[in-house]
Structures are given as C-alpha cells and as structure tokens.
Amino acid sequence: MRIHNLHIYNTLTRKTEKFVPLHANLVGMYVCGPTVYNNAHLGNARTFISFDVVFRYLQHLGYKVRYVRNITDAGHLESDADEGEDKISKKAKLEQLEPMEIVQRYTVDFHGVMRAFNALPPSIEPTATGHIIEQIEMTKQILDNGFAYESNGSVYFDVEKFAKDYNYTVLTGRNLEDLLNGTRELGGQDEKRGRLDFALWIKAKPEHIMRWKSPWGEGFPGWHLECSAMSRKYLGEQFDIHGGGMDLAPTHHTNEIAQNVSCSQNNTPVRYWMHTNMLTVNGQKMSKSLGNSFLPHELFSGSHALLDKGYSPMTVRFFMLQAHYRSTLDFSNDALQAAEKGFIRLMSAMKILPTLKTADKSTVSIADLEAKIYAALDDDFNTPIALSYVFEGVRIINSVNDAKESLSTDDKIKLQELMQQIVHDVLGLQQEETANTDKIDGLMQMILDVRTEAKSRKDFSTSDLIRDRLKEIGFEIKDGKEGSTYSILK
RNA sequence: GGUAUUGUGGCCGAGAGGCUAGGCUCAGCUCUGCAAAAGCUGCUACAGCGGUUCGAAUCCGCUCAAUACCUCCA
C-alpha cells in the first residue's frame, strides 16, 4: 500500500475531505452507467473516463476496488414525471426490433467506445432487467417501512412523508418548499399523492412490451430503483463512493438516497458522492436532446461538421484529462488540435526515455517531481496539475537527451517507473501507433542508412529527396546527434 | 420566474490573499548542411465598479454576461 493522502470533493458536504474507506484497503464504488437506447456520445464518455481515472488511481494506491457500473436496459422513461414511454421500448418499436436487440446493440457499442478510450471494464456491470427480483424486494421493504403507497397497480415513493423523518435534499441542499412550488400541479386523475413523489414500480399499459409479474400486477421498475437495488446488493447498505454526471444529482441521485435510506434506515448509504461536470460545445451542454452531441466515431473519423479532421481516442482522452472533472470542458477544433500536439510530444518523450544515457550524478530531482505529481492526484484527482508536472518530466527527458541535463542510473529507473505508472497505469494514456512491424522497421533502417551515406558525401539533394518523398508517403525523418530516426505520420 | 455555478492572456485550461501552472499558437535565440525535433527567452491575464487588507485574480458587496438545474440527458 502506497503512503498517500487522498482527498475527494464530496457533493454531500460540498467540501474536499480526506478519503477514508469504510474497510481498510477495500473500496466500494458505484457509478451510474448508460441507458442503452442510443449510441453513447462524448459527454457520456467523459464521465466514464473521469471515473476510470478514479478507479485506476485507487487501485494504483493499493486499494482493492469493487467498481460497479450498471447498464440501464429497462425502466428509464422519457420523462421523470413517470410518464411517457420506456426509452428502450420506444426505440424497439421505432426500429421494429425486440427490446433486447436494442439493448444488445447499444451495449456492444458502449463497450467498444470504452475500449477505444482505454477505460478499464468495471468489476461488475449489472443490468436492471437482471435484477427485477431485487427491485421488487426493495419496493416491498419500502412499502413495509411506510414510505411508499400503492395506487392502481403502481407503487410510488412518498417524498413528503420521507422528508418529515429525513433530509430529502441532502445532496443538493435545495429547499424542499422551493422544490414543491417549482413542480407542476398534479392533474385531477393523477395516481400520485404528492408533487415530488416518484415511481418505484410502474403498472404496464397493455401495449408495453417489457413487463414483469409483481405483487402489484404486471409492470416494470422505476428508473431510480435499479441503482439503489444493485448498489445495495453488491456493495452493501453503506459504501464508499457513488459517482455520476452532475445532471443526475438533483433527481436521480436524490431519489436513490431516499430509496436506500427508507429501505435500510441507514442515514448515509454513500459516504462520498462524486459528480462530474458537463462537456460543452460552444458553451452549451452537449446533450442528445439539444442535438449537439458528437458520437465517438464522428470524432475519430472527423466526419462531424464542426471538425476539420479526425482525432484519435488517446488524443481525446488526453484532452479531457487536461481539465478537472468538476469543471465544464468546452469542445472545439482548436482545443483538440492543441491537445493532439501535446499528446504527441508526451508520447515521443515516453519513447526516448528508455534510451537515455545516464551519468554519475543527476542535475534534476526526480523525487521532487514524483512528490508533486502525487500531491496533485491526491488533491481530488487533479489530472490537469498532474499533467503539468508530467510535462516537467517531458522537459527533463528531452533535456537529458540533448545532454543539457543529466540523470544517474537510479534516477533514470525512477523516472521510467514514475512516467510509466502515471501516464500509462493511472491516466490510461498509451502509445497508439499504426502497425510498426519489423519488416517496415528493417526497410526504413535500410533507407535511412542509404540517406546517411548520401549525407556523409554531402549529397544533400539526394538526402533531401529521400526525406521529402518519405514525408509524402507518411514517414517523418528527424536527424539527431545519434543518427536519424523516423516516425509514422497519421 | 426560482435555485445554483462560472467569468483567467490569441486558444484550451489550472491555481487561489504576497512565490513562473501546464498544453497549443506567435516572435526571437541555440543546435543543425537545410529542415524537423528539442531546449531557452519573450508576448496584450485574471468581466466591470466599489470595499476589506501592508498587499487580492484569489475575501466581501453590487453590476453585467454566460451556463446549468427546476422537464429526458453522463
């Protein structure tokens, strides 16, 4: 276990607090996953990349982490007022497919996107439809505890009753009265008693495809319930970290807490709530409904109208890590361009690091650099600051390579370990080169030898011709003190 | 309308009462046959107006602007 001093910003307290897990060395973390009725867009990806770094860093520190991220494959209605159609069912009807075909298609898509961004798979990825029994049991328990009521085959959570015994708005700190006033009036024939009440179980209309038997008739679970039931099942009545996008805090997470508390009577089901901020486009939130969302493949290929060219998954991951997870991040061509250059510089430094020559003494302090990087990550996963010090490392590597600074053998090993662990293991950034096979390498070496020979004869027209022609094909030549090297341009 | 949050140099984006964030761009220099790369140096910063303080981009107040939530979204 690494000695550390991790602090996490907790939405519950609106403060950055020292992280102390419930059980030493073990961490339970739940993150709200996607509703698989559509392609995942980049905003979704940002959240999961942010939590991927959290997961990776916790593991790096030596914790045994159980990371649960659900797949919502039922119960998510079009409106939080518990009206409208189930999103999956709607899409299924639209495309004339089985709901499970929709679920399968977009789950596969989601996993592909996560893999492209080098996000580690969670420890458990449970689905809502796989936990109907748990959700029914939980609904029963909440009913028994008196915080829900049945109405015409549906079961609703009684928010105002809950608010008498507990703090319903702990997470957002909002005033309950304001919420009540801000919500629309209930219609005359409404099944709900209170304006803020939400469904635990919803009676299926005759045309509804996805339905299960329950003590209250055939129906399906409410959206908020699955996360409560599954986090409870796999992480217990109280666990360490719960995460999700900021837009989930006021409704989804608030209701989740109410369900957990009313079910188990445990006042604090989650100790640290983490919320990631939104990805914006021209200052506006990227969202499916606004129609300004980017699909990952549009970004990789550059086919989106707002882009000049494509950007690789690792460039995008690097770009996202240059902003803190609790800040909005604006998506633009210029910003991506800058990120791409920076990322390439980082990766080429990583590549020359093992080849550096060592000296008797170091002129730089690797221990200092290490301390600064860990201090940044310990401060609420501050990846932009950590990256700024990683670039200090890049400067050191390049300077040593230019013989302007020197490294002892020990320090070189230390720097290699540090860069490897931070850049690859924690930040999840990796070299992404087009197939660099041995044959290409041998061929290029031969060409470079011919060119070097020409240069030694001061036949610069030949050496320049070789360089220019190779560049046209997509190979860039760099002449260094120790000879020429090549890299494949994208 | 209510409730929040934010406003940093050409762009992105950290920080946060006194000490160069960083990346990209641009200009100059060093190195190099040239180029590229790399290193060094420099550039118009902290929305506006007041206040607290020896000192504020950082705290307080007001104004302006933007965004988010209150309705589906990570």
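Throughout, protein chains are lettered first and strands after them, A, B, ... in sequence-line order, and every chain is numbered starting at 1. No experiment lies behind these values; they were computed from the predicted model shown.
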Between [X] and [Y], what is the ring plane arrangement, given parallel below 30°, perpendicular above 60°, and tilted in between?
X      : Y      : answer
A:F220 : A:H208 : parallel
A:F381 : A:Y57  : perpendicular
A:H224 : A:H252 : tilted
A:H304 : A:F294 : parallel
A:F157 : A:F198 : parallel

>> Test of understanding: with ring-ring contact (aromatic ring centres under 6.0 Å, His included), list the residues that count as partners of A:F55, not counting sequence neighbours.
In response: A:Y67
>> For A:F117, give me all partners under ring-ring contact (aromatic ring centres under 6.0 Å, His included), at least two apart in sequence or on another chain.
In response: A:F300
For [X] and [N], give me the distance from atom [atom1] to atom [atom2], rounded to whole Å.
X      : N     : atom1 : atom2 : answer
A:L387 : B:C24 : CG    : C1'   : 14 Å
A:K372 : B:G22 : NZ    : P     : 11 Å
A:L448 : B:A35 : CG    : P     : 20 Å
A:N333 : B:C12 : CG    : C1'   : 12 Å
A:D334 : B:G23 : CG    : C1'   : 13 Å
A:H242 : B:A74 : NE2   : C1'   : 11 Å

If you check the [X] side chain, which of [options] turns out closest?
X      : options             : result
A:N44  : B:C73, B:G39, B:C34 : B:C73
A:N382 : B:A14, B:G33, B:A37 : B:A14
A:F48  : B:A74, B:G39, B:C34 : B:A74
A:K87  : B:C73, B:A38, B:G33 : B:C73
A:D464 : B:C34, B:G23, B:C40 : B:C34
A:W223 : B:G13, B:A36, B:C73 : B:C73
A:T47  : B:A74, B:A14, B:C73 : B:A74
A:D479 : B:C12, B:G33, B:C73 : B:G33
A:R395 : B:G33, B:G13, B:C40 : B:C40
A:E476 : B:G23, B:A36, B:C73 : B:A36

For [N] and [M], measure between their [atom1] atoms and round to the nearest Å.
N     : M     : atom1 : answer
B:G1  : B:C43 : C1'   : 46 Å
B:C29 : B:C54 : C1'   : 41 Å
B:U53 : B:G18 : C1'   : 12 Å
B:C34 : B:C19 : C1'   : 43 Å
B:G22 : B:U32 : C1'   : 29 Å
B:G28 : B:A36 : P     : 12 Å
B:G15 : B:C59 : C1'   : 16 Å
B:A57 : B:U8  : P     : 15 Å

> Got a sec, which residues hit salt bridge (Lys or Arg N to Asp or Glu O under 4.0 Å) with A:K471, two or more places apart in sequence or on another chain?
Replying inline: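 Salt bridge (Lys or Arg N to Asp or Glu O under 4.0 Å) check on A:K471 returns A:E476.
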>> According to salt bridge (Lys or Arg N to Asp or Glu O under 4.0 Å), who are the partners of A:D464, at least two apart in sequence or on a separate chain?
In response: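 A:D464 satisfies salt bridge (Lys or Arg N to Asp or Glu O under 4.0 Å) with A:R467 once adjacent residues are dropped.
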Grab the N/O contacts between the protein and nucleotides 67-69 of chain B below 3.5 Å, and write none if there aren't any.
unit_1	atom_1	unit_2	atom_2	d
B:A68	OP1	A:K285	N	3.4
B:C69	OP1	A:K285	NZ	2.5

>> Quick check, does A:Y389 stack with B:G22? I mean ring centres under 5.5 Å and planes off by under 30°.
In response: no
>> Between the base of B:C34 and the side chain of A:R467, is there a donor and acceptor pair under 3.5 angstrom?
In response: yes
>> Distance criterion of 3.5 Å, no angle test: do you see the side chain of A:D330 paired donor-to-acceptor with the base of B:G13?
In response: no
>> A:D479 vs A:R451, test: salt bridge (Lys or Arg N to Asp or Glu O under 4.0 Å). Steps then yes/no.
In response: CA-CA 11 Å; A:D479 295 334; A:R451 181 167 171 272; 3.0 Å; yes
> Pick the nucleotide of RNA chain B nearest each of A:K471 and A:S287; which residue has the one closer to the 5' end?
Replying inline: A:K471
>> Judged by each residue's nearest nucleotide on RNA chain B, which is more toward the 5′ side, A:Q337 or A:A45?
In response: A:Q337
>> Other residues, nucleotides and ligands only: do more than 12 of their heavy atoms fall within 6.0 Å of NZ on A:K357?
In response: no
> Is the cationic atom of A:R326 (NZ for Lys, CZ for Arg) positioned less than 6.0 Å from the six-membered ring centroid of A:Y9 and within 45 degrees of its normal?
Replying inline: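 Yes.
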Write down the protein N/O and nucleotide N/O pairs, taken from nucleotides 25-31 of chain B, whose separation is under 3.5 Å; answer none if there are no such pairs.
unit_1	atom_1	unit_2	atom_2	d
B:U25	OP1	A:K341	NZ	3.0

